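Written below as structure tokens is the structure these notes are about.
Residue numbering restarts at 1 for every chain, and letters A, B, ... go by the order of the sequence lines. Keep in mind the model is a prediction, meaning the values are calculated, not measured.
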Amino acid sequence: MIDLQPVKGTRDFFPDEMRMRNWLFQVWRSVSEQAGFEEYDTCVLEHEELYIRKAGDEISKQLYSFEDKGGRRLSLRPEMTPSLARLVLQRTKSLLFPIKWFSMPQCFRYERMTKGRRREHFQWNADIIGQPDMVAEAEILMLLISACESMGLSAKDIRVFINDRRILNAILSQLNVTEKLHSAILVIMDKRDKVSPETLGTMLKDVGMTSSQVQHLNEYLTKTNLQELKEELQHTEGIDELQHLLQLMDTAGYSDYLQFDISIVRGLSYYTGAVFEINSPEKQHRAICGGGRYDSLLSTYGGKSVPAVGFGFGDVVVLDVLRELERFPELTRTLDYTIIPFDNEQVGIALKIANELRSKGAIVDCNFSMKKMKKSLHEANESGAKFAILLFPEELKQEKVVIRDMQLREQNPINITDLISSAGQAA
RNA sequence: GCGGGCGUAGCUCAGCUGGUAGAGCUCUGGAUUGUGAUUCCAGUGGUCGAGGGUUCAAACCCCUUCGCUCGCCCCA
């Protein structure tokens, strides 16, 4: 016997789990489309070099990579943003910016598994490219919030924690840390909540900060008030814009959801401006989603600089959160008709009726098991069919079938032609 | 890399101090010749993850190993 388990860290989706996944995808897709985003996709396979970055992104070390028969180094995509950058760079001259695109790619990362993290997941991505100011952030955050609301999560359940990397950079500049070190330091600071202060200090010194710089940095990181920070820093562009964004969101009616949080950094080195995460207000989970502005990613691939904002929103954590909050939707199979022939004589007519009902748009299945009627009706019940169509020789002689309403448990003979013509409404 | 838990029927799991392998659900048949809630009766289904050891006797104790899972380290 071969191993029936899915590959470690990957999942199988049986039909009941697939219904849940489709429900989630449908939420993602419909809120995206309603907000004017267009869907795109790329192959799950990419050139490995697309993901090789400096500044020590952890994600680059977790690639599923291999060499194909032509000697190419290929990877399963660990995230979607580089592929999106590739698409945009192909057509920077012809695209009409800003563009608003979304995708729901399956992504892979080779890593140790814990709750909420698997080696494969589906990650909704939405990005606005070519919009340099904070209006893009506002639109992206509103899209995220509307998705959460569609899933039944309100401001009581979730919060958007937001920061701006320019604030952190301003602090580092104030401390005379050379700009070359900034992105490496930010990647380390992302670990602030996750490692001991001593370890963090050691890591910071390892990349080139002095003890006194580390000490002063920690003092700045205790600040929770934007205005207070502003008074102490020389370069306040990040603060000004973040205040502008918070003001925009307040006017739009979303201020309950937003909270400035200087500890939000994000692990990806390509972010340049706003960075954000959604979590429960007490941050009790792993972040449900996260993203930010990455104005220089495209230029690092050799194109010109193009402003961009986006996020990734995985399927695993949010489904865990919905399960814990008992907000899981009840999803049943949708089936309008089950056609049950009495014996082999009626198989042909069953197929014919099925076909005609389907051409009316109904969802139709047939039960050709030729089990006892008791059994077949039980199966029809389990399948969630609204109606059972019973084909008995007696009624068929008069061009009739028996239609049984499974919920009302009532049945009547009906002319086949009437059944077909009423199918549009019945379904 | 470190530590804990688990692995028994298709599924979810019980199994006491070592003494004939269990339940619920599912499935099959019947009470019901062409009718699904709930019933009721009967039945199918097991390499107890694998290998070795101790013992008169091992699902149970010991060793090895594989798999799953949770936590830590680490990290979207």
Return the value, rounded to whole Å, for the distance between atom [atom1] of [X] and atom [atom2] of [N].
{"X": "A/Met373", "N": "B/U35", "atom1": "CE", "atom2": "P", "answer": "8 Å"}
{"X": "A/Glu382", "N": "B/U35", "atom1": "CD", "atom2": "P", "answer": "18 Å"}
{"X": "A/Asp12", "N": "B/C11", "atom1": "CG", "atom2": "P", "answer": "13 Å"}
{"X": "A/Arg409", "N": "B/U38", "atom1": "CZ", "atom2": "P", "answer": "9 Å"}
{"X": "A/His378", "N": "B/U39", "atom1": "NE2", "atom2": "P", "answer": "12 Å"}
{"X": "A/Phe387", "N": "B/U35", "atom1": "CZ", "atom2": "P", "answer": "21 Å"}
{"X": "A/Leu391", "N": "B/U35", "atom1": "CG", "atom2": "P", "answer": "16 Å"}
{"X": "A/Lys375", "N": "B/U26", "atom1": "NZ", "atom2": "P", "answer": "9 Å"}

Does the Lys NZ or Arg CZ of [X] fall within the cation-pi geometry relative to [Y] - under 6.0 Å from the ring centre and within 45° of the axis?
{"X": "A/Lys283", "Y": "A/Phe161", "answer": "yes"}
{"X": "A/Arg404", "Y": "A/Phe387", "answer": "no"}
{"X": "A/Arg21", "Y": "A/Phe122", "answer": "yes"}

A/Asn163 side, atom CG; A/Leu168 side, atom CG - distance, nearest 0.5 Å: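 Here the rounded value is 5.0 Å.
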Paired nucleotide for [N] [Watson-Crick or G-U wobble; both distances under 3.5 Å]:
{"N": "B/U35", "answer": "none"}
{"N": "B/U20", "answer": "none"}
{"N": "B/G3", "answer": "B/C70"}
{"N": "B/C48", "answer": "none"}
{"N": "B/A42", "answer": "B/U28"}

Pair [X], [Y]: side-chain N/O donor-acceptor within cut-off below 3.5 Å:
{"X": "A/Glu399", "Y": "A/Thr417", "result": "no"}
{"X": "A/Arg77", "Y": "A/Thr42", "result": "yes"}
{"X": "A/Trp124", "Y": "A/Ser103", "result": "no"}
{"X": "A/Asp315", "Y": "A/Gln123", "result": "no"}
{"X": "A/Ser65", "Y": "A/Glu48", "result": "yes"}
{"X": "A/Glu149", "Y": "A/Tyr257", "result": "yes"}

Which part of the nucleic acid, if any, lies within reach of [X] when heavy atoms closer than 4.0 Å are counted: base, sugar-phosphate only, or nothing?
{"X": "A/Asp405", "value": "base"}
{"X": "A/Glu79", "value": "nothing"}
{"X": "A/Leu390", "value": "base"}

If each of A/His121 and A/Phe392 is mapped to the nucleotide of RNA chain B with the nearest heavy atom, which maps nearer the 5' terminus, i.e. the 5' end?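 Nearest nucleotide further toward 5': that of A/Phe392.
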First encountered from the 5' end of RNA chain B, between A/Gln407 and A/Gly291: A/Gln407
Nearest-Å distance once atom [atom1] is located in both [N] and [M]:
{"N": "B/G4", "M": "B/C61", "atom1": "P", "answer": "16 Å"}
{"N": "B/U69", "M": "B/C27", "atom1": "P", "answer": "28 Å"}
{"N": "B/G46", "M": "B/G7", "atom1": "C1'", "answer": "14 Å"}
{"N": "B/C48", "M": "B/A21", "atom1": "P", "answer": "10 Å"}
{"N": "B/G51", "M": "B/A58", "atom1": "P", "answer": "14 Å"}
{"N": "B/G45", "M": "B/G22", "atom1": "C1'", "answer": "13 Å"}
{"N": "B/G15", "M": "B/A9", "atom1": "C1'", "answer": "14 Å"}
{"N": "B/U20", "M": "B/U35", "atom1": "C1'", "answer": "44 Å"}

State whether the number of non-hydrogen atoms from other residues, nucleotides or ligands found under 6.0 Å of A/Glu282 atom CD is greater than 12. yes
Any stacking of A/Phe342 on B/G34, going by centres under 5.5 angstrom and planes within less than 30 degrees? no
Please determine if a side-chain N or O atom of A/Lys372 lies less than 4.0 Å away from the OP1 or OP2 oxygen of B/G30.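 The answer is yes; a side-chain N or O of A/Lys372 sits under 4.0 Å from OP1 or OP2.
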Taking only side-chain nitrogens and oxygens of A/Lys371, does any of them come within less than 4.0 Å of OP1 or OP2 of B/U28? yes
Mind listing the N/O atom pairs, protein and nucleotides 70-72 of chain B, below 3.5 Å?
from: B/G71; atom 1: OP2; to: A/Lys115; atom 2: N; distance (Å): 3.2

Sort me out a list of protein N/O and nucleotides 65-67 of chain B N/O pairs below 3.5 Å, or just none if empty.
none

Given side chain to side chain donor-acceptor pair (under 3.5 Å), test A/Glu410 with A/Asn412 step by step and report yes or no. CA-CA 7 Å; A/Glu410 286 170 0; A/Asn412 285 298; 5.8 Å; no
